[in-house]
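Take a look at the structure set out below.
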Amino acid sequence: MQKLLQSQTARRIAQIALVTVLVGLTIYFAAQKNYRPVQYVQLALDGLRGGTIYALVALGFVTVFNVTGIINFAQGAFAMLGAMIAVSVNIALADLPGVPRLLLAGLAAVLITTLVGVIMERVTIFPARDAEPLTLIIITVGVFIVLQGIALLIWGTDSYSLDSFTTFETSDHIIRLGGEAEGAIPLIIRSQSFWIWGTAAVLMAGLWFFFERTMIGRALKACSDNRQAAALMGISPERMSMLSFALAAAVGAIGGFVLAPATRPIYDMGLSLGLKGFIAAIIGGLVNPAAAVVGGLMLGVIENLGAGITRAGFKDVIAFLILILMLLFRPQGLFTRQQRVEKV
Amino acid sequence: MSVTLPDEQTRQAAPPRAETLLSVENVDMVFGGLKALNEVTTQILHGQIKGIIGPNGAGKSTLFNVVTGIYTPTNGDVCLNAESLVGLKPNEIAERGIARTFQTIRLFGDMSVLENVMVGQHVRTRTTFLAAALRLPAARREERAMRERAHELLALCGIPDKADTLAGNLPFGQQRIVEIARALATDPKLLVLDEPASGLTGVERDELVALIRRLRDDGMTIVLVEHDMQLVMNLVDEVLVLDYGRAIAEGPPDQIKTDPAVIAAYLGEDAGSLV
């Protein structure tokens, strides 16, 4: 008991020390930059765009984890495939006018990626379904590497571009807010950001509807709540596992598709998207979709603000620092008060 | 309050009572060196309530887990309407008509009571994923019908006013009733109750007994494990007694009460020899 108390006190002290150091560093770097408030808002807004994509990838992690207990590290590859397939279809249909061309590109990206998700589950997860979760997680890492290798074969090492949803050209609209006065700095928002936010909002509403208002969604939820009880209600855990992968792949692909015009899609973009999405899911505690979305947005904003006051290259350092701190001090997520007790 | 099962009209005429619904034949269940079930054989007839009793560790829950597909028996056969269930997965057995409740309650705690019951109906739905996603009229009609049926089941079980409560927030006794309603939602031929009265207050226990009687009057076949001897003896048509994984006695409650082997199992060998 005393030992436990000591370790808890030590933990507390370490936590407080860490927070103090981090806050100190932040103030130190921020003071050196001497930014105006609007520049912080700009950094946060840009971070929010990336964070929305992390949130979508994180939703894929949470869906698969809840239903199967697997952390699917191929999730980032789904987003990559979504972006790359959309790019290819967009090029192939270059003769079509903008609206149908991008619609078909998006549709193809989502359908093909969903199919890849289903095939992945049937070919690699289903045969090993009785294995330890760790084995299955390693399998997903293998699938990720395979998918990225296939992407390398198809698309090479070039980076591509996808037309903006607003202009139907590679150049995007830029919206300026303020900055008319002498010496004032305008707030700049690319129109694709609105597409990303809007799509994510619609998608999340759709997912909510699916889980709360449809029978299959409810069965999926039941399966993630208590797999054995669900099976005894006649819900096939294997079908639900396949469905969770299909859903995760579709959500990932939509994320990749709407992100594509705002970035330069390339065959290896899945790695960082997948890892950031994983960090977002961890911030949210891995089991709660809403918390994962908040985690994604938080991660996007924090890493972009952090990179803004230090150096651009520090973005990943900050993201992984958050991951390490989360795993060390709050493995149950930021918004969960206590760890879930596993029922026997 | 309605005391008839809502689908009474659609249910096929019940076969004569004497017909066997579930038969367990020479079932062995071995865990490592432990023989949890040893050549257990029993029949459950249509419309019967059967109680399974026995000291702790006698193999009662193991037998339930074998019947519902959580365990695959080492030897022997389990048949529902003469169709073997051995090797089927729990969800496939649920589809064939066996529903159960648990000793430790396993409701979907984050869902409302109504949703829990609706999940039970999942196995009887026909709506495809696409139809549900597109909100086709047929899908919406089915959803509405299921919602109504779930309300009816809650009414049958005496908790019509709890539909929108989060299942995890209900008092213990009512959670158990919801588990029974959820099991009934799968439209089972056989209802398996694992210690339904454990942890219930006196009033809750009486309500449970009344519910089980109502279900039996509607023609439901029920098998239950229970420690509350008085409840078992008053409720069931037949008792199976397990001890160390063996079926040591089977028969009507009155006969079981005076069976020397049963008394020995409960009171110890010496006491048994005194009878």
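Letters A, B, ... mirror the listed sequences (proteins, then strands); counts begin at 1.
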| message | Does any backbone or side-chain atom of B:Thr68 lie under 4.5 Å from a heavy atom of chain A? Answer side chain, backbone, both or neither. | response | both
| So, B:Glu195 and B:Arg176, do they make that salt bridge, N to O below 4.0 Å? | no
| field | Most chain B-contacting option - heavy-atom pairs closer than 4.5 Å, from A:Ala219, A:Ala230, A:Ala229, A:Pro237 | value | A:Ala229
| Between A:Glu238, A:Arg213, A:Met233, which residue shows the highest count of heavy-atom pairs closer than 4.5 Å to chain B? | A:Met233
| query | Going by atom types only, do A:Ser241 and A:Glu121 share a side-chain donor-acceptor pair under 3.5 Å? | reply | yes
| task | Before giving the answer on side chain to side chain contact (heavy atoms under 4.5 Å, CB included), spell out for B:Ile98 and B:Leu22 the whole-Å C-alpha distance, their side-chain angles and the decisive distance to 0.1 Å. | result | CA-CA 10 Å; B:Ile98 298 183; B:Leu22 185 88; 4.0 Å; yes
| query | Do B:Arg182's NZ or CZ and the ring of B:Phe108 fall within the cation-pi criteria of under 6.0 Å and 45°? | reply | yes
| task | Please confirm whether A:Arg129 makes a cation-pi placement over A:Phe126, using NZ or CZ under 6.0 Å from the six-membered ring centre and within 45° of the ring normal. | result | yes
| note | Honestly, the part of B:Ile70 sitting under 4.5 Å from a heavy atom of chain A is side chain
| note | Cut-off 4.5 Å, heavy atoms of chain B, and the answer for A:Glu212 is both
